[in-house]
Amino acid sequence: MPELPEVEVVRRGLESHALDRLITRVDVLHERPVRRDPAGASGFAASLIGRTFTAARRRGKYLWLPLSPASAASVSAGAAEEVPETGADRVDADALLGHLGMSGQMLVQPVGAPDEKHLRVRFVLEDGSELRFVDQRMFGGLSFSPGGAELPDEIAHIARDLLDPEFDRDEFVRRVRKRTSAIKRLLLDQNLVSGVGNIYADEALWRAGLHGERPGERLAATQVRELAAHAHDVMTEALAQGGTSFDALYVNVNGQSGYFERSLNAYGREDEPCRRCGTSMRRTSFMNRSSYFCPVCQKPPRTSR
DNA sequence: CGTTGCGCCTGTTAGC
DNA sequence: TGCTAACAGGCGCAAC
């Protein structure tokens with residue numbers, strides 16, 4: 001499932017292959033992926049036609065593509081709104097906001113490519129190629145974000161991610177140590193730090209030698225700081241491997257961990273030997289999902305199990 | 001406000 | 001063989 005490294009690979013692909021071509025048509029083939037757009041499927045499509053994607057940005061697992069201004073025709077077709085252009089502050093450009101959820105893909109396909117089974121939204125570009133949102137489970141989605149070019153309002157609550165140069169590690173440590181929740185839940189809390197999902201959370205915890213059910217407030221500052229460093233490192237390494245293989249037209253998101261899968265030390269390794277101490281790895285259910293850990297390297301807190 | 005649990009989705013696989 | 005149940009899990013939201 002796409003976490004930060006996978007989404008960053010997609011962002012880079014879009015930056016290389018989807019910008020600066022007029023959007024001539026938008027087909028919403030399933031309503032659900034645009035459920036977060038208040039204007040509905042038709043409003044969503046209408047907002048995008050006649051524009052171009054001008055950039056590809058990311059925060060955590062969210063992606064957004066800033067848009068060129070609406071054409072004069074579309075503007076006058078809409079209501080005669082008075083835009084308070086008071087001189088000093090200029091209105092931010094709009095954006096297409098997206099999340100891949102569990103199984104979302106953004107594909108750039110050439111003219112004539114057959115539709116994917118789970119094709120949900122199609123953007124036809126002026127050269128006939130298409131940007132496609134393909135999503136089997138539809139946990140992901142797209143929406144039009146008015147003025148969202150810099151940072152969409154819809155995701156203002158999402159914390160900076162570990163690869164963001166402005167991510168404040170000390171603040172993260174402070175906040176974690178005030179919370180009673182389990183450290184794994186905190187690592188997955190996109191309001192504290194974004195981009196970490198179930199797989200990289202388990203990997204970071206394994207590297208740090210911490211059990212995911214230990215309460216944040218019971219951890220030493222050093223432990224939390226090192227955990228953040230490990231999460232940063234494991235995602236950077238995954239990005240380096242995931243970023244190695246995508247060709248010109250296919251914006252790689254296979255929904256899997258890609259080439260990094262063979263490098264995983266915790267996730268999916270139930271009953272296999274811990275790569276540090278040889279003990280059989282365990283799997284438990286936590287927050288309605290699987291957690292993998294080494295019972296020796298990652299001692300559970302006394303209160304659990 | 002912090003904490004915790006749940007529903008949304010579809011396809012694959014395990015088990016009876 | 002054919003059915004059901006479990007599983008994959010990010011996110012927003014409800015309830016306390």
Side-chain angles (χ1 to χ4, degrees), chain A residues 1-8 10 28-38 58-64 97-106 115-121 133-143 145 152-159 161-162 171-172 174-205 212-219 231 235 238 253-258 261 264 266-271 282-293 301 303-304:
Chain A
M1 41 305 316
E3 299 182 31
L4 187 151
E6 293 75 29
V7 179
E8 174 60 16
V10 174
V28 177
L29 301 155
H30 199 297
E31 297 271 338
R32 182 163 170 82
V34 297
R35 66 193 177 282
R36 315 240 346 141
D37 196 311
R58 181 188 58 75
R59 172 174 283 200
K61 302 171 201 171
Y62 279 94
L63 278 171
W64 69 97
L97 176 63
H99 196 291
L100 303 176
M102 287 285 294
S103 51
Q105 295 172 282
M106 297 280 253
D115 287 2
E116 291 75 11
K117 183 176 181 189
H118 301 292
L119 176 61
R120 308 303 188 192
V121 181
F133 182 71
V134 177
D135 189 5
Q136 178 206 108
R137 278 180 251 183
M138 297 187 290
F139 275 31
L142 302 174
S143 62
S145 176
D153 290 343
E154 298 88 333
I155 60 165
H157 64 287
I158 301 291
D161 60 64
L162 289 159
E171 194 201 338
F172 172 71
R174 270 195 304 277
R175 293 177 69 187
V176 163
R177 297 186 69 230
K178 286 180 186 165
R179 304 279 292 268
T180 60
S181 295
I183 185 61
K184 181 167 179 180
R185 187 180 250 273
L186 299 175
L187 206 46
L188 294 172
D189 185 341
Q190 307 296 301
N191 300 292
L192 290 173
V193 58
S194 65
V196 183
N198 198 45
I199 294 175
Y200 296 117
D202 277 4
E203 293 302 309
L205 288 163
E213 290 180 36
R214 295 182 59 176
E217 63 177 4
R218 303 273 289 271
L219 297 173
M235 291 196 296
V253 208
N254 53 19
Q256 309 293 321
S257 312
E261 197 166 337
L264 297 176
Y267 187 83
R269 300 198 67 244
E270 183 179 21
D271 296 335
R282 299 262 305 272
R283 180 174 81 93
T284 54
S285 186
F286 175 69
M287 289 171 66
N288 274 328
R289 65 212 59 196
S290 291
S291 285
Y292 299 87
F293 67 101
T303 52
S304 87

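In this structure, of C:dA8, C:dG10, B:dT10, it is C:dA8 that holds the atom nearest to the side chain of A:Y267. In this structure, the nucleotide among C:dG10, B:dC6, C:dA8 sitting nearest to the side chain of A:N288 is B:dC6.
For B:dT10, the OP1/OP2 oxygens have no side-chain nitrogen or oxygen of A:S103 closer than 4.0 Å. For C:dG10, one of the phosphate oxygens OP1 or OP2 lies less than 4.0 angstrom from a side-chain nitrogen or oxygen of A:R289. OP1 or OP2 of B:dT10 has not a single side-chain nitrogen or oxygen of A:R120 nearer than 4.0 Å. Under 4.0 angstrom from either OP1 or OP2 of C:dG10 there lies no side-chain N or O belonging to A:Y200.
If you check every strand for non-hydrogen atoms under 4.0 Å, A:R36 touches sugar and phosphate atoms only. Heavy atoms of A:H30 sit nowhere under 4.0 angstrom from any nucleic acid atom.
Contacts of A:R214 classified as salt bridge (charged side-chain N to carboxylate O under 4.0 Å, His left out), with partners at least two apart in sequence or in another chain: none. Considering only residues two or more places apart in sequence or on other chains, A:E217 meets the salt bridge (charged side-chain N to carboxylate O under 4.0 Å, His left out) condition with none of them.
Distance CE (A:M102) to P (B:dT12): 14 Å, rounded to an integer number of Å. Atom CD of A:E31 and atom C1' of B:dC8 are 16 Å apart (whole Å). Taking atom NZ of A:K117 as the reference point, atom C1' of B:dG11 lies 8 Å away to the nearest angstrom. When the C1' atom of C:dG10 is taken as reference, atom CG of A:L100 falls 11 Å away, rounded to whole Å. Counting to the nearest Å, the P atom of B:dG5 and the CG atom of A:D189 are 15 Å from each other. Rounding to whole angstrom units, CZ of residue A:F286 and C1' of C:dA8 are separated by 17 Å. Between the CZ atom of A:R137 and the C1' atom of C:dA6 there is a distance of 13 Å, rounded to whole Å. Between A:E213 atom CD and B:dT3 atom P there is a gap of 16 Å when expressed in whole angstrom units.
Panel note: side chain A:S103, backbone A:D135; no donor-acceptor pair is recorded below 3.5 Å. Side chain of A:E203 to backbone of A:A266: a donor-acceptor contact under 3.5 angstrom is found.
Checking A:I155 against A:R283, the closest nucleotide of DNA chain C that is more toward the 5' end is the one next to A:R283.
Contacts between residues 177-187 of chain A and DNA chain B, defined by a heavy-atom separation below 4.0 Å, involve A:R179, A:T180, A:S181, A:R185, listed by number.
Side-chain atoms of A:Y200 and A:L4, non-hydrogen and from C-beta on, never get closer than 4.5 Å to each other. Here the side chains of A:M138 and A:H30 are in contact, with some heavy-atom distance below 4.5 Å.
Salt-bridge formation is not detected for the pair A:D271/A:R283: no Lys NZ or Arg NE/NH1/NH2 atom is positioned less than 4.0 Å from an Asp or Glu carboxylate oxygen.
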